[in-house]
Amino acid sequence: MSFSVSLYDAALQLVTTDTKVELMVNLTRRLGNAKNELGVLYMNKAAAMMDSGTDPSFRVRELWKKSFACFESGIRTFDITHDRLVSHA
């Protein structure tokens with residue numbers, strides 16, 4: 001999944017001023033979706049590692065942090081999509 005994020009990010013780096021807005025928005029949305037899916041993956045891994053009744057381990061806390069960071073990044077990516085749509089409307 002992180003490879004998908006890298007590929008969408010690389011594709012967006014290749015976008016030029018001649019690229020259609022719809023293509024940029026589509027790539028940006030796909031990037032946001034991939035980041036959200038990566039966040040879900042980390043969240044599920046952390047949840048699977050949890051023992052009931054004990055404090056989360058360092059590894060579990062790190063997975064939660066990664067998950068949260070992916071979700072935040074996904075939200076920012078979707079905000080960019082909205083900004084592109086509004087500025088080209």
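Quantities reported herein were computed from a predicted structural model and do not represent experimental measurements.
- Listed by chain and residue number, R30 satisfy the side-chain hydrogen bond (donor to acceptor under 3.5 Å, both in side chains) test with N26 (two or more places apart in sequence, or in another chain).
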In residues 3-14, what donor-acceptor pairs under 3.5 Å come from side-chain atoms, sequence neighbours left out?
unit_1: S6; atom_1: OG; unit_2: S2; atom_2: O; d: 3.1

All N/O donor-acceptor pairs, side-chain side in residues 35-46, below 3.5 Å, sequence neighbours left out:
unit_1: K35; atom_1: NZ; unit_2: S73; atom_2: OG; d: 2.9
unit_1: K35; atom_1: NZ; unit_2: T77; atom_2: OG1; d: 3.0
unit_1: N44; atom_1: ND2; unit_2: V40; atom_2: O; d: 3.4

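- Cluster annotation: L31 and I75 are assigned to distinct hydrophobic clusters (Ile/Leu/Val/Met/Phe/Trp/Tyr, side-chain heavy-atom contacts under 4.5 Å, transitive).
- Partners of K65 according to the salt bridge (Lys or Arg N to Asp or Glu O under 4.0 Å) rule, which considers only residues two or more places apart in sequence or in another chain, are E62.
- S67 pairs by the side-chain hydrogen bond (donor to acceptor under 3.5 Å, both in side chains) definition with nothing, not counting sequence neighbours.
- Qualifying salt bridge (Lys or Arg N to Asp or Glu O under 4.0 Å) partners for E22, counting only residues two or more places apart in sequence or in other chains: none.
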